[in-house]
2 protein chains.
Amino acid sequence: MDHLSTTFSALSDPTRRAMLARLSKGETHVSELAKPFLKDMSLPAITKHLKVLESAGLITKTRDAQWRSCRINGTPLKEATDWIEQYRTFWEESLDRLGEYLKTIQAEKKTKGKKHGKKRNG
Amino acid sequence: MDHLSTTFSALSDPTRRAMLARLSKGETHVSELAKPFLKDMSLPAITKHLKVLESAGLITKTRDAQWRSCRINGTPLKEATDWIEQYRTFWEESLDRLGEYLKTIQAEKKTKGKKHGKKRNG
DNA sequence: TTGTTAATTAACCGTTCGGTTAAATAGTGC
DNA sequence: GCACTATTTAACCGAACGGTTAATTAACAA
């Protein structure tokens, strides 16, 4: 699988995004990182999620005695955001269109207001 | 599946990203959009990909006689990029670290330069 | 060396994914 | 109505996904 696909795929799971959210507040070892999720799933499940994040390059693990410390790595996120960025016009454009639309109905309201002798905001 | 997961999942396939790339150059109907992919897969496969993009809200389809015209919609991309944005520090931080590193080796070079009577840029 | 804790691996299971082929639906035009 | 084009749906298939439990590895500590 290509790099970008791996990144987006890794980000497409809420558990993994929650893990990144936790790691954004600081480095931790697996069992501490696991705590909030152990109500919902087993430790092996967590190991798997971490492996997905790691092979996407979104985290790195360092051995610290019997603990594995996890740290977030932003590089793939930058690549993802750079890819999305090329489509920026498509959400700014629609905001523009929304602006146009609002102007249009505003104009219509004014016209109707005049017709019906009703007026709003000048 | 939550909105963000659906979006990232839709973006995690290279065929679908290629389709968005094509659509970013303008609206087209399915069969024209399909052309570059028909070497690699069948039309039903393309229908499926388009359905994934559509249910993620990344495209909208409008009926035009017997053709379905596809148009890109940026809104989910904005949501995705907004989510990623909160991690910006994690790639800028590493660039900072790179900066620090460069300054360090620059300083070292200067020292060495003085030692060897070599100097660069003042 | 034996026990304890941390984490992973192995083997398995149901569901989803990305593809296929064949059939069905829908609109155009003679 | 019939043929043609555009597109989707149905049914199926193997591989990948997200989870499980049980067993294994690895480091520390008594």
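Everything quoted here is computed from the prediction, not taken from an experiment. These numbers come from the heavy atoms of this one structure, side chains and all, not from hydrogens, waters or symmetry mates. Chain identifiers are assigned alphabetically (A, B, ...) following the order of the sequence lines, protein sequences preceding nucleic acid strands; residue numbering begins at 1 within each chain.
Side-chain nitrogen and oxygen atoms of A:Lys48 include none within less than 4.0 Å of the OP1 or OP2 phosphate oxygen of D:dT20. Contact annotation: A:Lys61 does not reach the phosphate of C:dA7 (side-chain N/O to OP1 or OP2, under 4.0 Å). Considering only side-chain N and O atoms, B:Ser42 lies under 4.0 angstrom from the phosphate OP1 or OP2 of C:dT20. For A:Ser31 and C:dA7, the shortest distance from a side-chain N or O to OP1 or OP2 is below 4.0 Å. For the OP1/OP2 pair of C:dA26 and a distance below 4.0 Å, the side-chain nitrogens and oxygens of B:Arg63 include no atom meeting the criterion. In terms of phosphate contacts, A:His49 brings a side-chain nitrogen or oxygen within less than 4.0 Å of OP1 or OP2 of D:dG19.
If you take CG of B:Leu50 and P of D:dA6, they are 15 Å apart, rounded to a whole angstrom. Taking atom CZ on A:Arg68 and atom C1' on D:dC28, their separation rounds to 13 Å, with Å as the unit. Whole-Å rounding puts the B:Asp13 CG to D:dC17 P distance at 12 Å. Taking atom CZ of residue B:Phe37 and atom P of nucleotide C:dG19, one finds them 11 Å apart after rounding to whole Å. Between B:Glu32 atom CD and D:dA6 atom C1' there is a gap of 13 Å when expressed in whole angstrom units. Distance B:Met41 CE to D:dG14 C1': 17 Å, rounded to the nearest Å. Rounded to whole Å, the distance from NE2 on A:His29 to P on C:dT8 is 12 Å. Between the NZ atom of A:Lys51 and the C1' atom of D:dC17 there is a distance of 15 Å, rounded to whole Å.
A:Ala65 comes within contact range of the sugar-phosphate backbone alone, with a heavy-atom separation under 4.0 Å but no base atom that close.
In summary, B:Glu32 and B:Lys35 do not engage in a salt bridge, as defined by a charged side-chain N under 4.0 Å from a carboxylate O. Using a cut-off of 4.0 Å between Lys/Arg side-chain N and Asp/Glu carboxylate O, B:Glu92 and A:Lys78 are scored as not salt-bridged. Salt-bridge annotation for B:Lys51 and B:Glu54: absent, with no side-chain N of the basic residue lying under 4.0 Å from a carboxylate O of the acidic one.
With the nearest nucleotide of DNA chain D identified for both A:Ser12 and B:Ile46, B:Ile46 has the one nearer the 5' end. The residue among A:Gln66 and B:Pro44 whose nearest nucleotide of DNA chain D lies closer to the 5′ end is B:Pro44.
Interatomic distance, B:Thr60 OG1 to B:Leu53 CG, rounded to the nearest 0.5 Å: 11.0 Å.
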Exercise. Checking salt bridge (Lys or Arg N to Asp or Glu O under 4.0 Å) for the pair A:Lys48/A:Asp13: CA distance, chi angles, key distance, verdict?
Worked result: CA-CA 12 Å; A:Lys48 283 191 183 185; A:Asp13 184 282; over 6 Å; no

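With D:dT8, C:dG18, C:dA7 as the candidates, the nucleotide lying closest to the side chain of A:Thr47 is C:dA7.
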